[in-house]
Trainee: 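Following this message is one structure expressed as structure tokens.
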Amino acid sequence: MTVFACENSAVPAADQAGLNGYDYAAEVEIVRVPCAGRVDSMAVLSALEKGAEKVLVLGCHPESCKYLTGSSRTAARIGRLAAMLARAGYDSSRVAFGGIAAMEPRRFVDYVGQNDVREHIEDRMK
Amino acid sequence: MARSKDGDTRRASRLTERDGVGILLCDCGGGLQKRLDFKHLRQSLGASEKISAVVVCPDLCDSDACLKKLKAVMKSGAKRLVIGGCAKEHYEHAVADALEAIPMNDGLWWTVNIVEECALVHGNRRAATAKAGRRILAAVERVLAAGPIQSGKKTARRNVVVIGTGIAGLQAAVILDRLGHDVSLVSRDGAPGGVAAAMPEVFAYTGNEPDDDSTVSRFIEGLVAKVKNSKSIRLLPETILTSISSEPGDFALTASSNGDSAANGRESLLRAGAVVLAQGSNHASNTQAAAGGSSLNIIDIPGLLAMIRLGNVPQNIAIVMDIANEQDRTVTAQVFSAAELAVDRYGARVTVFCNNVRVAACGLERLYRRTRNAGVVVIKSVKKPAIQTEGTGVTIVFEDPAIPVALSQTFDIVVVADQRSTGGNSRLAQAVAGLKQGPDDGLQYDNIWLSPVLTNRPGVFVIGGARGNNEYREALIDGTTVAGEIHSLLGGGQIEVRGDAAQVDSDKCVLCLTCLRDCPHGAIRIDTEKGAASVSTVSCQRCGICAAECPARAISLPRFTDEQIVAEVGWKPLQNSKFKIQL
């Protein structure tokens, strides 16, 4: 699983998860980005192309994105991408966006630990 | 023999061609050896021909020791660097010093977290080591795809334009003056001082002496005197700002005079390094919110204060707040300050009807308790109190939570304390291109990262009433804070130019304006000479939203270019792949 992680929220959350000794799969590989807003469809698709089972984009909660609109734009972008994948005949749950704050290591482990990430995230965002 | 020599030259030539990557790993004083197999990492990584050296160092967070080990890495001919350690915040400062001494370009190194993301989460030493190795190899690919970054500084104007001459604006001007910045104080009003000068009584709670508004008046007079006496503060009264453009360090502003003088309507041009918006929204009393319409017996807080100043105070007063909607703490302060004055000076009987008493400011709780002790009755009505005028008095019908029937009481006058914003700031907001407004006519977008005094436009700051903070002490604190922020931005007369700001390829740009609309910081403008978008290296905050949104893929963000991201996610051999896309 490839996780695009925002420097301001998801990366510190992952660090906290490590410090707390929360266990998650060794296949989870974290790619640091300055803002979830930087992650475009091409980055996500190339991760899939290179063999990632799932691609997760984790950024700040949209209402508290450090760069104001980055998270919300990417959430919408990933939604469109998932719909496109579904139309092309792929499993759309392989890509998902999740909001997280720097002090939510549990949430990070929850996100990366689920089989059906997208459904799980939709549940959590309710 | 000859073959191996050939191999050696080939390897050496590849190294120079690709600028071999050096790797510096931290084993945290040996503590990580239990969790990560550094010997294995050194051997397996060292076998890769892209990697020129792997050095393990015990303490990355000590800049001297770090520099020593870094020199050892660079000796191997490495031109690029991957650093493996814990979360980079812990050692960044030390490594930055060492890298400057080498010197190593800012764009050609990258960090990998082998502690929190590898050693600590995967209890199994072998799995953790394998993951660390994979992450380091991915980072090697990434730095090989990177290019150098040149940052620098450029001359910036040190002078500041402050809009609004309430206490926040005055305080900012005085502190900025003290820090050596020239200030132009632009005000829509004729005389400086704002709300606090007009109604010092309602801010008396901030002083130590109860019921003493002279402290507040004296303080404001002192501020105004400092502003008027200073040679480096210029007052521009009765002037309205019409536009702000360009970037921090060199803003261009236009202002037009709105006074009665001959100068009316004349436009003037100002240049400044930073802009402070300190002008509160216009607030009008919302007496219409009271049912029964206008009546001579229904007045607002300034009306009650005028009565108190004239000494003509009725004996039985009701003050109503939160009728239309919940008001803020400044309304609470006004209500209880006025009530206290009416009781203390004229022995009036005051009843306050409210939904909530908001005391979240220094001195407000004390004011509330003092007023209660002086005999003011506070009623939290279950339903909205209804105001009926009849004859000489006004009757309020309300429902007390303890008594489940409607009660009514007649007063000489009813004071409606509710305020509503009349949108005085929308014109100012339009003047600042790309400014995102916040709730309730505020000029600060509602996002925690902007707190306390930032706006979404770098170099444009917002304080006091402009960000909905009408509380006396906190407005003063805002003024001081913003002076510090501006001094750290422009203090040396120079502003930082970041080499890793987003870059536009003018050949690819088709001027679709997507980036212009998407940039949350207003950092992008159209360069008419090049016929392409152009990013301000000073305003850009390096979020990469424009790079991701650009449909022509004309924008790239150094450090996070498409090539670097693809190199990092795709370092592993193509396998099990069902996707193929053209880059």
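Order of the sequence lines fixes the chain letters, A, B, ..., with proteins taken first and strands second; residue numbering starts at 1 for each chain.
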Trainee: Against chain A, work out which of B:D518, B:N124, B:N456, B:T111 has the most heavy-atom pairs shorter than 4.5 Å and name it.
Mentor: B:D518

Trainee: If you tally heavy-atom pairs under 4.5 Å against chain B, which of A:L19, A:V55, A:V109 wins?
Mentor: A:L19

Trainee: Where on B:Y445 is there a heavy atom nearer than 4.5 Å to chain A: the side chain, the backbone, both, or neither?
Mentor: side chain

Trainee: Please look at A:A88 and chain B and tell me whether the side chain, the backbone, both or neither of the residue comes under 4.5 angstrom of a heavy atom of that chain.
Mentor: neither

Trainee: Is it the case that atom CZ in B:R553 sees more than 12 heavy atoms from other parts of the structure closer than 6.0 Å?
Mentor: yes

Trainee: Using heavy-atom distances under 4.5 Å, tell me whether A:R32 contacts chain B through its side chain, its backbone, both, or neither.
Mentor: both

Trainee: Measure A:E7 against the heavy atoms of chain B and call it side chain, backbone, both or neither at under 4.5 Å.
Mentor: side chain

Trainee: Just one of B:L25, B:L137, B:V82, B:I83 clears the side chain to side chain contact (heavy atoms under 4.5 Å, CB included) bar with B:V112, so which one?
Mentor: B:V82

Trainee: At a 4.5 Å cut-off on heavy atoms, which part of A:Y22 comes close to chain B: side chain, backbone, both, or neither?
Mentor: backbone

Trainee: Does any heavy atom of chain A fall under 4.5 Å from the side chain of B:D562, the backbone, both, or neither of them?
Mentor: both

Trainee: For residues A:V112 and A:V3, determine if any side-chain heavy atom of one lies less than 4.5 Å from a side-chain heavy atom of the other.
Mentor: yes

Trainee: Is it possible for you to check whether B:R559 lies under 6.0 Å from the centre of the six-membered ring of B:W110, through NZ or CZ, and within 45° of that ring's axis?
Mentor: no

Trainee: Charged N to carboxylate O under 4.0 angstrom, B:R135 versus A:E29?
Mentor: yes

Trainee: Using a cut-off of under 4.5 Å for heavy-atom pairs, which of A:T69, A:V28, A:I30 has the most such pairs with chain B?
Mentor: A:I30

Trainee: Looking at A:Q16, A:R73, A:R77, A:E63, which has the largest count of heavy-atom pairs under 4.5 Å with chain B?
Mentor: A:R73

Trainee: To check you understand the geometry: which heavy-atom pair defines the closest contact between B:A146 and B:L108, and what is its length?
Mentor: O-CD2, 4.0 Å

Trainee: Report the option among B:V121, B:L120, B:V115 that has the most heavy-atom pairs separated by less than 4.5 Å from atoms of chain A.
Mentor: B:V121

Trainee: Looking at B:R542, B:K131, B:E549, which makes the most heavy-atom pairs under 4.5 Å with chain A?
Mentor: B:E549

Trainee: Should we count CD1 of B:I448 as having more than 12 external heavy atoms under 6.0 Å?
Mentor: no

Trainee: For the residue pair B:Q564 / B:T561, report whether a side-chain donor-acceptor contact shorter than 3.5 Å exists.
Mentor: yes

Trainee: Could you look at B:D446 and say if it's the side chain, the backbone, both or neither that has a heavy atom under 4.5 Å from chain A?
Mentor: backbone

Trainee: Strictly by modelled atom types, are A:E104 and A:H61 linked by a side-chain donor-acceptor pair under 3.5 Å?
Mentor: yes

